[in-house]
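A short worksheet on the structure shown next.
Since this is a predicted model, take the numbers as computed values, not measurements. So you know, we letter chains A, B, ... as the sequences are listed, proteins then strands, and number each from 1.
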Amino acid sequence: MELVSQLVLIAVSAAIINNFVLHYFVGICPFLGVSRRVDMAFGMGCAVTFVISVAALLSWLCTEYILRPGAPLTSWLTGNPEADLSILNYIVYIFVIASSVQLVEMYLRKFFPPLYKSFGVFLPLITTNCAILFACLEIMKHVSIGAGAGAWGGGGGEKWGLAAAMVLAIAGGVGFTIAIVIMAGIREDLDHCDVPKPLQGAGITLLVAGILALAFMGFSGVDSNLKKAISPQDPPAATATTPGDPTEGDPSP
Amino acid sequence: MKDSYLGQAWLVLSLALVFGAALAGVQAGLSGRIADNKLNETYDQIPYLLDLIDDDGNVTVEITVKIWRTPDDKLAYQAVDPNGQAVGWVIKGVGPGFQDRIELLIGLDPEAETITGLFVLDQKETPALGNRILEDWFREQFVGKDATKGVVVTRASPVAADNEVGAISGATISSLAVGDIVNAAVKDFRARKGDLELKD
Amino acid sequence: MTVAAEGTAKLPAFQRGVHPPQGKVFSADMPIKSLPAPPQVFMAMLQHTGAPCEPTVKSKDEVALGDVVGDCDAFVSAPVHASISGTAAMASVATLPNGRHVRTVPIKANGEQRTGEAMIDDVLGGEWSTRGIDAIDPDQIVTATRDAGLVGLGGAAFPTHVKLTRNEKTPIDTLLVNGCECEPYLTADYRLMLEYPAPVLAGALLAAKAVGARDVLIAVEDNKPMAIDTLRRAVRGGEVRIVEMKTKYPMGGEKQTILSALGRRVPTGGLPLDIGVVVVNVGTAAALARAVLRGKPLTHRVVTVTGPGIHQPKNLLVPIGTPYRALIDFCDGLTESAGRIIAGGPMMGFTLANLDVPVTKGTSGVVVLTGREVRQAGETQCVRCGRCADVCPLNLVATKIALAARSKDWLLAKRYHMAACMECGCCAYACPAKIPLVQLIRMGKVQMPRE
Amino acid sequence: MTDKTDKPTAPAGPVTHVAPSPHVGDRSMTTRRMMTDVLIALALPTIAAAIVFRQHLLWQLLGCVGAAAVTEALFAAARRKPWSITDGSAVVTGVILALSLPWSCPWYVTGIAAVVAVVLGKMIFGGLGQNIFNPAMVGRAFVMIGFVGAMGAKAYVTSDPAIDVLTQATPMTVWGSEEFPRLGALFWGNTNGSLGETSAIACLIGGLFLCIRRTAAWQIPAGVLLSASVIASVVDLSSGETMDVLKHLFGGALLFGAFFIATDPVTSPLTPKGKFIFGLGIGSLVMLLRLLSNYPEGVMFAVLLMNGLVPLINRWTIPTPVGGPVPVRKT
Amino acid sequence: MANDGPAPLERFLNGILPENPVYRQLLGMCPTLAVTGNMKAAMTMSAAVMFVMICANLITSSIRHLLKPHLRILVFVLTIATFVTIADRVLAAYLYQMSKELGPYIPLIIVNCIIICRCEVCASRQGLGAAAFDAVGQSIGFALALASIATVREILGAGTWFGITLLSESWWPVWGIMVLPPGAFITLGFLLGGVNWLSMPRGKKSAGCGVR
Amino acid sequence: MTLVLIMLAAGTMLALGALMGYVLGWANKAFHVVVDPRIEQVNEALPGANCGGCGFVGCGEYAEAVVESDTAVDLCTVGGESCAAALAEILGVTVEQSWPFRPAVHCGATYAERLKRSDYRGEQQCATANIVSGVQGCTYGCLGFGDCDRSCTFDAIHTIDGLATVDYDKCVGCGACSKVCPRNIISMVPFKIEQMVVVACANEDFGKDVKGVCKVGCLGCKACARASDLFTFTDTNIPVIDYDKYDPDQMDEVEVALAKCPMKRLAKVGKPSDKDIEGVAGEDAPGVVQVDFKTTVDDTEWHG
């Protein structure tokens with residue numbers, strides 16, 4: 001039950017509340033580039049979700065068994081339980097991502113030419129899609145260091161297992177897909193709008209993304225309140241309050 | 001065939017070798033300093049959190065810090081005066097704020113019965129509103145509160161009861177979040193104090 | 001089979017659609033009169049859906065009323081007959097109201113012309129015996145129809161013999177005679193049903209015989225109670241049912257008539273034939289009777305000349321090929337306030353700038369509107385209110401199609417089923433932004449690259 | 001092809017013009033008329049607001065409408081496009097924005113909200129009819145996030161009781177507590193809140209007027225209210241409260257949003273089915289945000305989020321033509 | 001084609017405006033949006049990018065003859081990741097607070113398209129000198145772009161510039177939104193529009209300012 | 001300790017590098033797809049304007065078509081000869097010299113010269129105005145709503161006084177205007193010399209009908225045909241120019257025809273670049289340009 005609620009929270013948070021694109025600004029390049037047609041955007045979203053999952057799996061394995069301080073493989077090799085290879089984190093992740101993207105690309109080109117053709121130039125772009133490395137880094141943070149390491153109370157520090165890592169990756173990919181598909185839908189409509197010339201293309205896309213980010217800010221707090229709702233007894237509340245209580249928030253529309 | 005595959009990759013291999021070694025060198029050179037940075041972030045605050053600073057900003061008691069930890073890696077910093085007498089504890093608390101996570105350092109007396117200080121390590125609250133949790137008047141409200149009962153954040157002003165803390169007007173969620181984190185961390189720490197063992 | 005008892009309950013109308021102002025008062029009470037033969041007529045070689053005709057007369061050939069002046073071998077086509085007696089002139093090209101270049105054969109009148117009551121009697125009057133129809137061979141009816149150059153007189157001008165030709169694969173069970181005349185202002189069909197129900201009924205039975213339909217229905221909108229009465233009296237004891245339809249535009253569109261009268265849907269891109277129905281207009285039915293029973297080709301048709309912009313609105317029996325100018329002059333010309341001359345009804349008709357173009361077989365009326373009736377508000381931005389979608393009888397989203405056509409986004413147009421549109425004009429009628437939706441969609445259909 | 005025997009009447013007659021069919025139009029409805037309808041309908045909440053908030057309403061209204069109109073005029077001039085205040089869109093945006101602001105909103109916040117509403121919400125998309133997001137809500141969201149101090153709960157409350165409702169907290173911020181106003185107060189509007197939202201009855205009557213005039217599609221408010229009440233009832237059942245549904249419906253901006261904000265035709269789907277889905281989405285999101293987010297009210301965010309989804313809803317609700325889809329033609 | 005490329009100086013200048021990585025090539029958008037909340041962070045980021053770009057360009061350029069097509073990207077990211085790690089550690093050691101603030105965006109330099117793009121387009125085809133000039137030009141262009149965005153966001157959002165108070169809070173209500181994600185998107189959107197607008201009369205081709 | 005760490009790091013990287021290098025090397029072989037490297041080269045040689053002048057969606061598609069399906073290399077009008085040559089070099093074919101084509105507008109009447117113009121209310125585009133009859137008397141001539149103007153990416157055609165006018169200095173001959181004209185009155189003619197002769201009228205009707213609708217329309221008097229056999233009349237009342245017979249060196253007869261045309265409907269137009277002219281010196285001309293002067297409406301289904 002604990003695990004399930006953790007996973008649900010990770011998923012909701014990554015997909016919607018702290019959307020990769022609209023909150024963390026990762027994956028902006030494809031978000032701007034491949035958001036012209038809904039079908040293409042959806043394809044790109046699926047490709048990213050797939051690659052992100054593969055990369056997350058591999059990087060979790062690497063981090064857990066090799067890279068984190070005191071990882072079993074490293075400790076065994078050196079005989080030192082504190083051995084720390086985390087310096088290699090970035091280089092290993094990007095290595096894994098780059099190779100797996102290239103592998104997927106070659107595989108698609110060979111066996112699914114139509115799919116390959118419709119992604120066109122954007123498949124190589126996935127290599128440089130920050131969203132994927134970002135997911136790896138998030139996982140690293142939770143696996144090797146543990147967010148808020150050493151902290152007391154229920155506020156963090158749980159180390160993530162493989163399931164959590166995969167959920168984060170997939171939900172992040174889904175969040176990316178949601179954002180890019182919405183954007184593509186809007187941009188298809190914008191084709192018929194009289195957008196001022198200097199703003200056409202990337203300019204208007206960024207502005208629309210800004211408005212979407214504004215709208216997504218409405219979700220702030222849904223994760224922590226959801227957590228409270230799922231496990232209400234967990235942390236002792238500072239006051240007996242309900243979620244929609246007095247706040248810096250907005251009392252109306 | 002195998003040879004040729006690896007043969008093609010000789011550049012990657014040699015680069016990997018060189019870069020791996022170089023990075024390890026960098027790590028070896030800088031890791032100590034980085035670790036110190038991390039520790040100092042906490043250490044520097046300990047005198048303030050344990051109220052060991054006089055009005056002129058001088059440290060009144062020379063302390064050394066012992067690090068304790070539970071089997072599941074929760075850390076507690078114990079300040080010890082030159083006589084070997086414990087001066088107080090500093091623990092970390094983390095939790096969700098209005099926007100993102102808030103990280104706090106909480107100072108406690110040696111028995112962990114009174115809160116002696118509060119410091120915000122990290123936050124991303126709304127500028128000019130939620131981030132007023134950084135302000136001294138807000139944090140100082142926590143000083144002297146009974147850690148056994150826990151604080152209650154209230155919108156009423158002036159605060160009525162002993163363990164009440166006045167919320168920042170308009171930023172109740174952030175204020176509440178701080179209260180929640182403090183309570184959770186203190187409660188947890190008090191419950192698990194027995195599990196602590198001294199880190200080498 | 002008794003008729004009066006049936007059909008008293010109104011049938012449910014098709015969904016959506018609009019209710020434009022009727023405007024039928026101008027000419028509803030004007031009996032059909034014969035237009036005197038004009039000094040010159042222009043026989044257009046393409047007056048129907050299908051292949052254009054080639055002139056069969058040379059310059060200076062003498063032709064008599066009813067002589068073939070143009071013909072074509074194609075199945076989907078119909079010959080053109082001289083509507084007056086006279087001398088053919090050199091074929092030239094005319095631009096018809098729909099913007100299409102068509103070869104025409106001018107015929108200059110000479111000698112005595114049949115006109116007035118005599119002409120009306122010849123075309124519509126007299127006895128129309130329905131006895132003996134059973135004995136007529138269906139093929140004979142089809143042949144007579146083809147030879148008479150009969151096309152749908154409701155507007156689309158689809159060659160009638162094509163509809164009447166039996167097809168083993170799609171047996172026809174119902175013949176629907178369309179007397180809805182849903183276009184505002186027009187009263188040609190109404191007057192025909194009111195004054196000469198006999199040829200209409202005879203034609204209906206002949207058509208039913210030709211296609212082998214068991215059910216014969218005449219659908220009339222309920223804003224023409226007198227016509228319904230007249231027809232009911234005329235069919236007493238017969239096999240024809242008169243069904244009363246709700247008044248709603250475009251009830252006269254055959255897809256809507258069939259849907260409302262029979263509850264069947266014509267597949268998009270298909271014909272009523274596909275669902276076992278044949279629809280003929282009342283005028284076509286009358287002309288069919290004339291062609292089969294009297295052996296006369298289609299040379300005249302009833303045209304309503306009406307609208308607030310005309311001095312003396314009339315329903316006229318007009319030789320096909322008469323220039324519009326002659327019709328308007330016969331009705332005492334345009335008033336000073338006339339602003340727009342429309343060939344056809346105001347919902348689907350075409351404006352005329354040049355009055356020297358000829359009336360064709362599909363011309364059901366000339367409506368002259370003044371500045372008051374035609375829309376004055378300027379076009380504004382589409383506010384995506386969706387009213388066009390609310391009124392489209394075919395359930396399309398006109399604004400998307402039109403805007404896609406405007407920016408030549410054929411993928412989008414196709415996604416919104418542009419090709420299904422029948423250009424009835426409901427969307428543009430209802431559009432609060434006054435966007436020429438129908439025009440844009442027509443343009444899109446013309447311009448969309450065909451695969 | 002002229003013929004000398006023609007009588008001179010026709011050629012010498014009136015000047016006619018050519019135009020595409022149809023040649024008659026429904027003159028009872030124009031876009032301007034729609035805007036006027038919206039303004040008429042908005043009059044009720046405005047009057048209710050005037051009764052409750054008195055002069056505060058006037059300042060916000062003037063500020064918003066004025067700033068919106070001026071900005072739109074300037075932007076149009078900069079793009080060298082014709083602009084006319086009579087198309088009403090600037091006024092409608094201004095009024096809706098004003099009615100959604102707190103009474104105490106400082107002048108610069110009002111101004112920025114109006115400018116952002118017009119520029120970011122509308123003009124950059126090409127102006128009237130082409131915007132994706134509801135302009136008033138874009139403006140409001142911008143200042144909501146940007147100037148929390150001036151827009152948050154404390155902006156609504158004052159200890160100086162010149163106007164008595166202003167001493168109360170807004171209903172949604174005191175949800176579930178003793179301070180929550182009675183249903184009657186919510187119904188008539190004798191509560192605190194954003195200017196236009198307090199009176200449920202005014203919003204209802206104005207909204208019904210819009211729906212009857214068919215200026216607003218009834219499917220949208222129906223969808224909003226349906227999904228919101230269903231979710232509220234479920235929450236009711238699980239919590240044992242009974243009147244929460246009505247509190248949810250009458251409290252906060254739900255009615256104002258459902259009838260005046262969500263029904264903006266430009267930013268809602270085209271087909272009736274799409275409109276209903278859109279309404280359902282807004283209602284559910286509003287309840288989700290009310291129940292779970294850090295904000296006590298979620299109409300603004302819900303509308304903006306669903307606005308973003310409108311192109312996709314349109315795409316998924318393309319109606320099938322009567323008679324089925326166009327067959328693929330063989331060549 | 002490799003021989004008649006632009007002169008080094010031209011390459012250097014190109015990076016600053018005509019081929020500005022942010023405004024013209026729309027590359028490296030993630031850090032552009034994420035770290036421009038204030039000038040200090042933006043400038044630290046720019047410095048890190050400059051360091052990595054120069055080093056990566058030099059290395060790539062010097063091994064350009066040894067590259068195999070299917071391993072090319074691998075070599076690039078390997079090189080870049082190494083220098084990014086170095087930059088990251090140096091920051092953590094000497095500018096600890098800044099490194100905390102920049103968080104994951106320093107490692108994300110690895111996938112900054114600008115650097116990979118320059119490696120691909122320029123460094124892997126050019127000599128050391130050209131590659132270096134190109135890297136410096138591009139990174140200065142990047143820094144300028146970041147500075148422009150950060151200036152707007154910091155001044156409006158906090159009333160400060162490099163932490164120095166320009167607009168006192170007593171009379172200047174800060175625009176909280178500017179330091180939040182929507183503010184980043186909106187600022188960059190308008191600045192991009194502004195840059196396009198300024199350069200419109202001169203070049204006809206700027207009409208399609210879209211992404212390639 | 002440090003040394004161990006360095007060794008370990010280097011070892012890890014080596015292992016990883018070997019693994020990935022091996023896998024990718026294997027994949028490169030196993031998943032090898034023969035992609036013509038020439039596609040990339042062609043793509044680089046093309047100007048990248050994506051104007052669609054070649055008939056393909058963009059430069060990329062054209063590049064693929066050139067390499068894979070024997071499409072002609074000289075379709076890119078923007079890149080011109082140098083581009084064609086570059087493509088030919090890549091593909092190893094010899095480029096067949098072709099004439100530069102430029103659009104010619106087959107109408108010469110401005111608003112003032114067109115008769116029977118009506119007030120037109122509706123969408124202000126040629127394509128839409130064309131399906132409303134009677135916008136002007138002449139149903140062949142330029143409508144003047146500027147569809148060609150809008151279609152031109154090179155700012156080379158403008159509607160002046162209701163007449164489409166080509167700016168040959170800017171025109172690159174992509175043919176977009178000719179495709180978009182709903183009345184088919186813009187045709188692409190081969191330029192043999194600096195000034196080509198075209199018939200600036202499209203009205204196929206009898207002279208008297210033309211006179212009724214246009215002050216300057218071609219009457220079909222055949223004076224030009226009598227003066228030079230360059231001009232022929234088929235079954236319509238408008239001369240057709242046989243560019244096969246067009247000889248830049250023997251223009252005397254043509255000059256006579258030009259002088260004799262009562263309506264001055266034979267016009268000299270254009271000016272392709274000197275380079276274009278030089279490039280085709282001594283080549284065979286591409287042939288007759290038969291323009292199909294019918295409106296797009298003529299192809300549609302009948303509407304009453």
Side-chain angles (χ1 to χ4, degrees), chain C residues 18 20-21 39-40 184 255 259 265-269 325 328-329 333-334 336-342 346-351 353 355-356 369 373-375 377 380-386 389 393-397 399-400 415-417 419-420 425 428-430 432-434 436 438-439 451, chain D residues 1-3 5-7 9-11 13-35 87 89 126-130 214-217 264-272 274-275 310 314-315 318-329 331:
Chain C
V18 291
Q40 190 173 22
K255 289 185 176 186
L259 180 57
R265 283 191 172 78
V266 181
T268 303
R325 188 181 305 281
I328 288 170
D329 287 348
L334 306 176
E336 273 309 303
S337 57
R340 198 181 285 189
I341 308 167
I342 302 154
M347 292 301 281
M348 289 185 76
F350 297 92
T351 43
L355 292 181
D356 296 319
L369 298 178
E373 284 82 22
V374 297
R375 304 181 288 155
T380 50
Q381 274 293 342
C382 171
V383 293
R384 305 178 193 164
C385 63
L394 291 178
N395 206 10
L396 303 173
V397 186
T399 172
K400 280 279 180 186
R415 196 184 297 151
Y416 277 89
H417 313 287
Y429 174 82
K434 310 300 174 209
V438 178
Q439 193 191 15
E451 295 105 301
Chain D
M1 290 189 218
T2 45
D3 198 307
T5 57
D6 274 355
K7 279 183 252 170
T9 44
V15 180
T16 58
H17 57 254
V18 292
S21 66
H23 306 283
V24 288
D26 183 357
R27 263 173 298 170
S28 67
M29 193 45 79
T30 60
T31 43
R32 188 173 303 168
R33 177 70 216 221
M34 292 173 75
M35 293 294 179
D87 75 5
S89 73
L128 172 64
Q130 308 189 45
R214 293 185 56 239
T215 294
D264 172 15
V266 181
T267 56
S268 54
L270 286 166
T271 59
K275 284 170 177 163
V310 164
N314 274 338
R315 201 185 153 97
I318 297 174
T320 317
V322 173
V326 182
V328 182
R329 203 182 296 164
T331 43

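Per-residue heavy-atom pair counts under 4.5 Å with chain D were compared for C:R265, C:Q439, C:K400, and the maximum is reached by C:Q439. When the candidates C:P346, C:G386, C:G425 are compared by the number of heavy-atom contacts under 4.5 Å with chain D, C:P346 comes out ahead. Interface check for chain D: of the options C:P184, C:A338, C:S337, C:A430, the most heavy-atom pairs under 4.5 Å are formed by C:A338. Chain C forms the most heavy-atom pairs under 4.5 Å with one residue out of D:R214, D:R33, D:K275, and that residue is D:R214. The choice from D:T30, D:T271, D:T215, D:T267 that makes the most heavy-atom pairs within less than 4.5 Å of chain C is D:T30. Contacts with chain D were tallied for C:I342, C:L396, C:T380; C:I342 has the most, counting heavy-atom pairs under 4.5 Å. Ranked by heavy-atom pairs under 4.5 Å with chain D, the list C:C385, C:A389, C:G269, C:P20 is led by C:C385.
Counting heavy atoms from C-beta on, the side chains of C:N395 and D:P321 never come closer than 4.5 Å. Contact annotation: the side chain of D:I318 approaches that of C:H417 to within less than 4.5 Å [non-hydrogen atoms, C-beta and beyond]. Between D:V322 and C:L259 there is a side-chain heavy-atom pair separated by less than 4.5 Å. Looking only at side-chain heavy atoms (C-beta outward), D:T16 and C:R340 stay at 4.5 Å or farther from each other. Counting only heavy atoms from C-beta outward, the side chains of C:M348 and D:P22 never approach each other to under 4.5 Å. Between C:T351 and D:H23 the shortest side-chain heavy-atom distance falls below 4.5 Å. Counting only heavy atoms from C-beta outward, the side chains of C:V438 and D:P20 never approach each other to under 4.5 Å.
C:A419 and D:V326 make their closest contact through CB-CG1, 3.8 Å (heavy atoms, listed as atom of the first residue, atom of the second, distance). For the pair D:R27 and C:K434, the tightest heavy-atom approach, listed with the atom from each and the gap, is CA-NZ, 4.4 Å.
Checking side-chain atoms of D:T31 against main-chain N and O of C:A433 turns up no donor-acceptor pair under 3.5 Å. C:R384 places a side-chain N or O within donor-acceptor distance of the main-chain N or O of D:V266, the cut-off being under 3.5 Å.
To the nearest 0.5 Å, the span separating CG on D:L270 from OH on C:Y416 amounts to 6.0 Å. Atoms CD and CD, from C:Q381 and D:Q130 in turn, are 4.0 Å apart once rounded to the nearest 0.5 Å.
The part of C:P393 that comes within reach of chain D is its backbone (N, CA, C, O), which places non-hydrogen atoms under 4.5 angstrom from that chain. Proximity to chain C involves both the backbone and the side chain of D:N314, based on heavy atoms less than 4.5 angstrom apart. When heavy atoms are compared at a cutoff of 4.5 Å, D:S28 does not approach chain C at all. Both the backbone and the side chain of C:A353 come within contact range of chain D, judged by heavy atoms closer than 4.5 Å. Heavy atoms closer than 4.5 Å to chain D are found in both the backbone and the side chain of C:L394. Neither the backbone nor the side chain of D:R32 comes within contact range of chain C; no heavy atoms are under 4.5 Å apart.
Other residues, nucleotides and ligands contribute over 12 non-hydrogen atoms within 6.0 Å of the CZ atom of D:R315.
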